[in-house]
Amino acid sequence: MSVRQRSMSVRGSARQRSMRGARSPATPGLALTLLLVACGGDPPAKSAAQPTTAPPVAASAVPAEPTFAGDVAAIVYEHCAVCHHAGGPAPFALTSHDDVRDHAAQIAEVTASGYMPPWLPRAGHGEFVGARRLDEPTRGTLARWAAQGAPAGDLSRAPAAPEFRAGWQLGAPDLVLDTGAAFELPADGKDVYRNFVIPVPPGPLRHVRALEIRPADPKVVHHGVLRVDLGGSVRRLDAEDPAPGFDGMVFAGALMPDGRFLGYTPGKLPDPGSDARSWRLFGGSDLVLQLHLRPSGKVEAVTARIGLYFADRPATRPALAMELVNRDIDLAPGASDVHVRDEYTMPVDVAITSVYPHAHYLGKSVEAWATLPDGSRRPLIAIDDWDFDWQDQYRLARPLRLPRGSTIHMDWRFDNSAHNPNNQFSPPRRVVYGPASTDEMAELILEVEPEDPRNIGALDEAFRRKWLMGQAEQLERTLAKAPDDAETAANLGAFRQLLGESAAAISAYEQALKHQPDHVKANVELGIVLMATGAVPRALPLLQRAAALAPTEARPHLVLANALRKHGDMSGAITHYRKAIALDDDLAEAHNNLGIVLEARGELEPAAAAFARAQAIDPRQPLYGSNLARVQAQLGR
Amino acid sequence: MRARTWSLAGLLLAACVEGPASTPVAATTVVDLQGEPVDPLAGAAAATVLVFVSTHCPISNRYAPTLRALAGTWAASGVRMWLVYPDPDDDPAAIRAHQAEFALDLPTLRDPGHLLVARAGARVTPEAAVFGPGAAAPAYHGRIDDRVQGFGKIRPEASAHELHDAVEAVLRGDPPRPAQGPAIGCYIADLR
């Protein structure tokens, strides 16, 4: 199909024009048109098809009479055609004189406004791989060419249109996985975030150097992010949704594998990676590919393939995904400049290799920087005109090395006024923190490598505490507004528990049970905390109550069995481990703990069977294997 | 309130009568997909809607479901709705393929000479114009609704439905308010 390009224009209000770079009204069209339109009401002079004012640039840098052949073709072929070619991700091609001329006005307009090529970071504030920013003389050349009627010049001297390699950009992959059956994107409606679950075949641990994502039809995929799930939670969500994959912008427990960003951005070459920075791919785990899909006007079938390229050894530069985040977001309708900030001080020497700012439609700008112990300041990234649609991972041209004690600062600004053209609501509504696209978020995700690889564990634990504290603080804010919300109180208890703050956890669970004595999770979790503090007799009635309240849930029985075991009631423990297993045969912990009790009672054969089952369910848990080996040794095997 | 509406309508009519009397109105006869001449403004429809579209404009394509729905809404009310392709490169075969792809089964015209474009005051695709019975000038021209706020800036739902409201006004005999809506899309002027 010969894809021709089309021009677009913004005939907007003064506000819209000022948002994208002001433009003077052009000469009105035909007198006849003027007269006829006057009958319809308003004069037409405000709508300008052709930009007449070039951006202010040094006169010498812009040719006086730019032509397609002499000036424009080289610019467009270098900066635009990578997406705008037949079969490419952009909606029309820019690979011939006819294509480019037909889009002259729009090219001038969208390059002047910075909408195209899509590249958000501010110049001079961090240097990134694959930057596709046009400089002022280039934009001025395009504007002047369009304003002068888009002259062709001597087409025989025009550069040849570039050719684009189809297929895998990184070469033949070592392993290709795919999304399976197509998801049908509706013709109309809001943007869709679809998570495709891609099972990794069983097999030995492998190390992935690079990964390439190839949508079958790149035109319907706006961008994609890939994460890995070791816990089976995305598989369950996939099963619950009758169509392929499941909806939503959250990843349901899936993580950046070994701290590495993996994604798809139109026009961006996949990162070739290196053996030193590989990540671990476990057989039997799940990849989850989240695709941002934009309805096109017709139903689209969406599939994608994943190409994996293996390294032959484990990573020598381990990394951590560090998410600066502030959940304290409450944007009143009309509020036009609300700051949301976060910061984190590095406990060890680190190198930052990538940065991914994330907010939704009301984000206006973001700035991130590091302050070093000596007081100096290093820019990380700045985006002055945030555009949710073009969010991306920015890989630093050179890792930013920061000594221990350096603080990363994130400063997001939000605009919930009617003047924000990205505002999803007209009139604006109150927007608070949340995962849906109509909620708001303020994040800065960093790919961080400790300078000494041996510090990865310490860095992970230190950052995990910051993350847990952030979650707990958010829940405390929510609870302050709704103190009788048992669910929130129970969740707060869980985070306090993870932080090792037993007294605060007990207090939160007791608050939940005060308002909802039948809250199963609060009973179970309070029982766990009490057990950990040695108060098994206080825990037992709570757990018995939970098991009675939720007769079809396995976990209350498992925890009750643990408490009975600690209390010395082995037969009671066995009864409830077996009940837990009857309700959920995949509960590895129940099998293992049953094995412990059986082993203690000298019932070695059934104990070995229980440990073997636990190990089969979760081969990555070394404890199950060592328990099995010990019992087998006693059995003389 | 009622009286004011009538007086405004009278004023507008007076202005329009004066125009065509001194300046010959340009022809609005274009061709359909069979190449037959058609003047969409010649009939006696209660309202005539021209919607300028293109085979390759992504914003225009995104409106296909909305256009289908509007055509269904007006099917029984004497409204004549046309899709108009102003790009000379959009030949009948390309248009047929496009309409099959986007399930657009509506009366269709080609306007390579931009006669209807000029008459409607259209500047981009997608853009609409609404004419009353026998009117030489559009009572409304501009965007279909306010979903598209800019390139790549599309709201989940429209909050102002200018084309729909303009047609309803014309069917009532009232002048549409507003008479224009700022359209965002692909420039028609570049299509030569």
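Here is how names work: the chains are called A, B, and so on, in the same order as the sequence lines, proteins then strands, and each is numbered from 1.
For B/R155 against A/N423, the heavy-atom pair with the smallest separation is NE-O, 3.2 Å. Scanning both residues, A/G189 and B/R147, for their nearest heavy atoms gives O-NH2, 3.3 Å.
Surrounding CG of B/D105 are at most 12 heavy atoms belonging to other residues, nucleotides or ligands under 6.0 Å away. With a 6.0 Å radius and a threshold of 12 heavy atoms from other residues, nucleotides or ligands, B/R96 has its CZ atom above the threshold.
The NZ atom of A/K298 sits 9.0 Å away from the NE2 atom of B/H98 when rounded to the nearest 0.5 Å. The distance from the CZ atom of A/F388 to the NZ atom of B/K153 is 12.0 Å, given to the nearest 0.5 Å. The CZ atom of A/R294 sits 5.0 Å away from the CD1 atom of B/I154 when rounded to the nearest 0.5 Å. From B/C186, atom SG reaches atom CG of A/D102 across 11.0 Å, with rounding to the nearest 0.5 Å. With rounding to the nearest 0.5 Å, the separation of CD in B/E101 from OG in A/S296 is 8.0 Å.
At a threshold of 4.5 Å between non-hydrogen side-chain atoms, the residues A/M116 and B/F151 do not count as touching. Counting only heavy atoms from C-beta outward, the side chains of B/Q149 and A/N420 never approach each other to under 4.5 Å.
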Which atom pairs, donor and acceptor, lie under 3.5 Å between side-chain atoms of residues 160-168 of chain B and protein residues at least two apart or in another chain?
{"residue": "B/E162", "atom": "OE1", "partner": "B/R143", "partner atom": "NE", "Å": "3.3"}
{"residue": "B/E162", "atom": "OE2", "partner": "B/R143", "partner atom": "NE", "Å": "3.0"}
{"residue": "B/E162", "atom": "OE2", "partner": "B/R143", "partner atom": "NH2", "Å": "2.7"}
{"residue": "B/E168", "atom": "OE2", "partner": "B/W74", "partner atom": "NE1", "Å": "3.4"}

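With sequence neighbours excluded, no residue forms a side-chain contact (heavy atoms from CB on, under 4.5 Å) with B/A100.
Heavy-atom proximity under 4.5 angstrom to chain A picks out B/N61, B/R62, B/A64, B/P65, B/T66 from residues 60-70 of chain B. The contact list for residues 31-52 of chain B toward chain A, using heavy atoms and a distance under 4.5 Å, is empty.
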